[in-house]
Amino acid sequence: MPELPEVETVRLGLEELIVSKTIKSVDSNWPKSFPNDPLEVRKFVVGSQITGINRRAKILIINLSSGYSLVIHLKMTGQLVYRSESTSFGAGHPNDSLIGLLPDKSTRVIIEFSDNSTLFFNDQRRFGWIKLIKTTNIKQFTSIYGPEPLEDSFTWQELGNRLNLRPKSGIKAVLLDQQIIAGIGNIYADESLWAAKIHPLTPVSELSTQKIKLLRNSIVDVLNLSIKMGGSSTRNYVNAEGKRGSYIKIAKVFRRENEPCPRCGHIISKIRVAGRGTHYCPYCQSQNIAKMSK
DNA sequence: CACTTGACCTGTCCGC
DNA sequence: TGCGGACAGGTCAAGT
């Protein structure tokens, strides 16, 4: 799934649903999904209470009263879905629920609480993981990530400084680099570049100050709007209640190749950039325009 | 240093 | 209907 808006949506849901609950048991059926020693898990997870839910970059952090935290990366297809005993509705539920009875085929980890409600970690492709880390070590663990784009300190000057760490690279590849800026992935890189009228292959060093200011605002607006829409569900992503997000319905270019650009009407292209499918309008995001406005 | 490719996995879709 | 290949929200490591 999950870029910043999706992880943040899950975080907001979990904050409502599981804070202050006590963990009764933890089960995993795929070691890579939760590689910690089971003895360690029994000692620092079972019996402890959930004290808070945080996010850094695309990572979720569930703080425990034991002084440890569950650090979770959902990668491409991870889901964290909460079910109380009374909400075991099935697929096709009118309220946009995506998944049916749990556990299902993709369930890798099951966390059961003392009130018999349950948190399921599902992950079709098994790329995601949960790691048990001492809470005092989390800051160091996440120190590799660049700044959070939704913090007040993410000014256009800050964006410019970060981008200049890779001046020769194309802008889209740099936006996807989590060490430069945290939380932007393939969907919101394309959407932000469209909003700022920047071609995805434009070398960072060719971006004018005006373009950097515009890009900073575009990133912030696109991420905030997506959080408001509950994130993007192209296929697997659901929030903590198993419901899809709806940003994809209002996406301007992402997965809209061969459709008209909503701004100028020219046909949206799809190319390959940094190994990822990349959508843009060849007219209003042309590299020539980027150079002319410099 | 920048860029590409393959790996990690499962599932779906598209063309033949 | 079946089969092979491409592709999918994300990182990693290794090779050019």
Side-chain angles (χ1 to χ4, degrees), chain A residues 1-11 28-35 55-60 71-80 91 98-99 103-109 121-131 141-142 144-146 163-193 200-206 219 222-223 226-227 229-239 243-251 253-258 270-279:
Chain A
M1 80 177 195
E3 307 182 31
L4 187 153
E6 290 76 31
V7 180
E8 181 63 15
T9 301
V10 173
R11 190 193 74 75
S28 170
N29 62 7
W30 184 254
K32 286 183 181 177
S33 295
F34 194 4
R55 179 189 59 75
R56 174 78 173 98
K58 299 173 188 171
I59 284 178
L60 269 170
V71 179
I72 303 170
H73 201 311
L74 300 165
K75 292 289 180 84
M76 297 282 264
T77 58
Q79 306 172 325
L80 279 175
L98 185 63
I99 44 191
D104 67 19
K105 213 177 158 186
S106 72
T107 300
R108 311 296 174 211
V109 181
F121 176 52
N122 301 330
D123 186 15
Q124 181 181 93
R125 292 177 72 178
R126 308 181 197 243
F127 292 168
W129 44 254
I130 300 178
K131 291 176 184 173
F141 184 83
T142 58
I144 56 167
Y145 296 112
L163 295 182
N164 281 335
L165 295 172
R166 293 184 57 183
K168 292 180 193 166
S169 302
I171 182 63
K172 171 155 177 180
V174 180
L175 289 181
L176 292 176
D177 184 340
Q178 300 301 296
Q179 303 191 41
I180 300 295
I181 305 162
I184 300 173
N186 205 35
I187 299 174
Y188 304 110
D190 283 3
E191 293 289 294
S192 300
L193 289 171
L201 290 172
T202 309
V204 163
S205 60
E206 288 182 20
I219 290 169
V222 164
L223 295 178
S226 182
I227 291 171
M229 307 288 290
S232 297
S233 296
T234 65
R235 172 154 216 89
N236 291 273
Y237 168 70
V238 292
N239 68 13
K243 296 174 186 171
R244 318 178 66 115
S246 56
Y247 179 87
I248 212 71
K249 290 176 192 158
I250 60 159
V253 287
F254 187 76
R255 296 217 182 156
R256 294 197 183 282
E257 62 270 28
N258 301 325
K270 183 175 181 184
I271 59 173
R272 206 134 191 102
V273 176
R276 320 294 304 280
T278 296
H279 317 74

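FYI, side chains are in, hydrogens and waters are out, and symmetry mates aren't considered; it's all heavy atoms of this structure.
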**OP:** Taking atom P in both C:dC3 and B:dC9, compute the distance separating them and give it to the nearest angstrom.
**Re:** 25 Å
Original post:
Atom CZ of A:Phe127 and atom P of B:dG11: how far apart are they, to the nearest Å?
Top reply: 12 Å
**OP:** Tell whether A:Arg125 reaches the base of C:dA8 with its side chain through a donor-acceptor pair below 3.5 angstrom.
**Re:** yes
Subject >> Spacing between A:Asn258 atom CG and B:dC14 atom P, to the nearest angstrom >> reply: 13 Å
Original post:
Rounded to the Å, how far apart are A:Leu176 CG and B:dC3 C1'?
Top reply: 14 Å
Original post:
The side chain of A:Tyr237 lies closest to which of these nucleotides: C:dA8, B:dC9, C:dG9?
Top reply: C:dG9
Original post:
Rounded to the Å, how far apart are A:Lys168 NZ and B:dA2 P?
Top reply: 6 Å
Original post:
Picking from B:dG11, B:dC9, C:dG9, which would you name as closest to the side chain of A:Asn236?
Top reply: C:dG9
**OP:** Give A:Phe254 one of three labels, base, sugar-phosphate or nothing, depending on what nucleic acid heavy atoms sit under 4.0 Å from its own.
**Re:** sugar-phosphate
**OP:** Report the distance from atom NZ of A:Lys172 to atom C1' of C:dG9, rounded to the nearest whole Å.
**Re:** 11 Å
Original post:
Distance check: side-chain N/O of A:Gln124 vs OP1/OP2 of B:dC9, anything under 4.0 Å?
Top reply: no
Original post:
Considering every strand shown, what is the Watson-Crick or G-U wobble mate of B:dC8 when both distances are under 3.5 Å?
Top reply: C:dG10
Original post:
Any side-chain N or O of A:Lys58 less than 4.0 Å from the OP1 or OP2 oxygen of C:dT11?
Top reply: yes
**OP:** Would you classify A:Trp30 as touching base, sugar-phosphate or nothing, given that sugar-phosphate means primed atoms plus P, OP1 and OP2, and contacts are heavy atoms under 4.0 Å?
**Re:** sugar-phosphate
Subject >> Basic-acidic side-chain contact under 4.0 Å: A:Asp190, A:Arg255 >> reply: no
Original post:
So which nucleotide from C:dG9, C:dT11, B:dC9 ends up closest to the side chain of A:Gln178?
Top reply: C:dT11
Original post:
Between A:Tyr237 and A:Glu3, does any side-chain donor sit less than 3.5 Å from a side-chain acceptor?
Top reply: no
Subject >> Candidates C:dG9, C:dG10, C:dC7 - which lies nearest the side chain of A:Lys270 >> reply: C:dC7
Original post:
So what does A:Ser169 hit on the nucleic acid, given a heavy-atom distance under 4.0 Å: a base, only sugar-phosphate, or nothing?
Top reply: sugar-phosphate
Subject >> C1' atoms of B:dT12 and C:dT11, separation to the nearest Å >> reply: 23 Å
Original post:
Once you round it to whole Å, what is the distance between C1' of B:dG11 and NZ of A:Lys105?
Top reply: 8 Å
**OP:** Check whether any side-chain N or O of A:His73 sits under 4.0 Å from OP1 or OP2 of C:dT11, and answer yes or no.
**Re:** yes
Subject >> Option from A:Asp123, A:Asn122, A:Thr107, A:Asn239 for which side chain to side chain donor-acceptor pair (under 3.5 Å) with A:Gln79 holds >> reply: A:Asn122
Subject >> Nearest-Å distance once atom P is located in both C:dG9 and B:dA2 >> reply: 24 Å
Original post:
Quantified in whole Å, what is the P atom distance between nucleotide B:dC1 and nucleotide C:dG10?
Top reply: 25 Å
Original post:
Can you tell me if the side-chain N/O atoms of A:Arg235 get under 4.0 Å from OP1 or OP2 in C:dA8?
Top reply: no
Subject >> Pair A:Asn29-A:Arg108, side-chain contact (heavy atoms from CB on, under 4.5 Å): steps then yes or no >> reply: CA-CA 6 Å; A:Asn29 62 7; A:Arg108 311 296 174 211; 4.0 Å; yes
Original post:
For A:Arg255 and C:dC7, is the shortest distance between a side-chain N/O and OP1 or OP2 below 4.0 Å?
Top reply: no
Subject >> Distance in angstrom units between A:Gln79 CD and C:dG10 C1', rounded >> reply: 16 Å
Original post:
Can you find a side chain N or O atom of A:Lys75 that sits less than 4.0 Å from OP1 or OP2 on C:dA8?
Top reply: no
**OP:** Describe the nucleic acid contact of A:Ser106 in one word from base, sugar-phosphate, nothing, applying a heavy-atom distance below 4.0 Å.
**Re:** nothing
**OP:** Could you please spell out the steps behind the side-chain contact (heavy atoms from CB on, under 4.5 Å) verdict for A:Arg126 and A:Lys32?
**Re:** CA-CA 8 Å; A:Arg126 308 181 197 243; A:Lys32 286 183 181 177; over 6 Å; no
Original post:
Which one is paired to C:dG15, where only Watson-Crick or G-U wobble pairs with both distances under 3.5 angstrom count?
Top reply: B:dC3
Original post:
Cut-off 3.5 Å, side chains only: do A:Lys172 and A:Asn186 have a donor facing an acceptor?
Top reply: yes
Original post:
Under 4.0 Å between a side-chain N/O of A:Arg276 and OP1 or OP2 of C:dG9, yes or no?
Top reply: yes
Subject >> Between C:dA8 (P) and A:Arg256 (CZ): distance, integer Å >> reply: 16 Å
Original post:
Can you check side-chain contact (heavy atoms from CB on, under 4.5 Å) on A:Val204 and A:Asn164, steps first, answer last?
Top reply: CA-CA 7 Å; A:Val204 163; A:Asn164 281 335; 4.1 Å; yes
Subject >> Distance between P atoms of B:dG6 and C:dG5 (Å, rounded) >> reply: 14 Å
Original post:
Hey, is the side chain of A:Arg126 pairing donor to acceptor with the base of B:dC9 inside 3.5 Å?
Top reply: no
**OP:** Establish whether the base of C:dG9 is bridged to the side chain of A:Ser232 by a donor-acceptor pair shorter than 3.5 Å.
**Re:** no
